[in-house]
Amino acid sequence: MSEYESMADRDEALALSRAAPHHAWVLTDRDVWHRNPFYHGPEMPHPEDDGAHDFIADHGIDAWREATRAARAAAIAAAEAKAREIADAPDPWWPDDPTP
């Protein structure tokens, strides 16, 4: 998908999202699912995530929401730790010499 196609897809997803704030996911004409930023209901699995649907069938939607909440929190913590590590690392392109 070219940059312009991606932009058009995102624009279409945004328009669909505004029109259907009660849907957690919207599907564009390019057959791409997008999370709806206007949806404020409970967490819903990706429509094509068969593993999530199997888990929900076995354990229930609340168990899936708790599992994804924990996984998301762990991913956010890992990303924040990596960002701190990068921010605290010395810049290899900048000399340690304090003189300008």
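It should be emphasised that the depicted structure is a prediction, and the values quoted were computed from it without experimental measurement. Residue numbers count from 1 along this sequence.
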(Q) Strictly distance-based, threshold 3.5 Å: is any side-chain N or O of E12 a donor or acceptor partner for the main-chain N or O of D29? (A)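 Here the side-chain-to-backbone pair exists.
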Q) Is the side chain of N36 donor-acceptor paired with the backbone N or O of A20 at a distance under 3.5 Å, no angle test? A)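 Side chain of N36 to backbone of A20, a donor-acceptor pair under 3.5 Å: yes, one is there.
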For [X] and [Y], work out which heavy atoms get closest and say how close.
X   : Y   : answer
A52 : W64 : CB-NE1, 3.4 Å
A8  : R30 : CB-NH2, 3.6 Å
L27 : L16 : O-CD1, 3.4 Å

(Q) Does any part of the side chain of S17, heavy atoms only, come nearer than 4.5 Å to the side chain of Y39, both counted from C-beta? (A)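 A side-chain contact under 4.5 Å is absent here.
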Q.
For a 4.5 angstrom cut-off between non-hydrogen side-chain atoms, does L14 reach P37?
A.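 Side-chain contact under 4.5 Å: yes.
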Q.
What verdict does the side chain to side chain contact (heavy atoms under 4.5 Å, CB included) test give for W33 and H46, after you've listed the backbone C-alpha separation in whole Å, the side-chain angles of each residue and the deciding distance to 0.1 Å?
A. CA-CA 8 Å; W33 287 101; H46 188 280; 3.4 Å; yes
Q: Would you give the length of the straight line joining atom NE2 of H40 to atom NE2 of H22, rounded to the nearest 0.5 angstrom?
A: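 It comes to 14.0 Å.
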(Q) Salt bridge check, R10 against E5: does any charged N sit closer than 4.0 Å to a carboxylate O? (A)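 No, this pair does not count.
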Q. Any chance the rings of H34 and W25 have centres within less than 6.0 Å?
A.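 No, ring centres 6.0 Å or more apart.
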(Q) Is there a path of hydrophobic side-chain contacts, each under 4.5 Å between heavy atoms of I/L/V/M/F/W/Y residues, joining M44 to I56? (A)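 The answer is no; the residues belong to distinct hydrophobic clusters.
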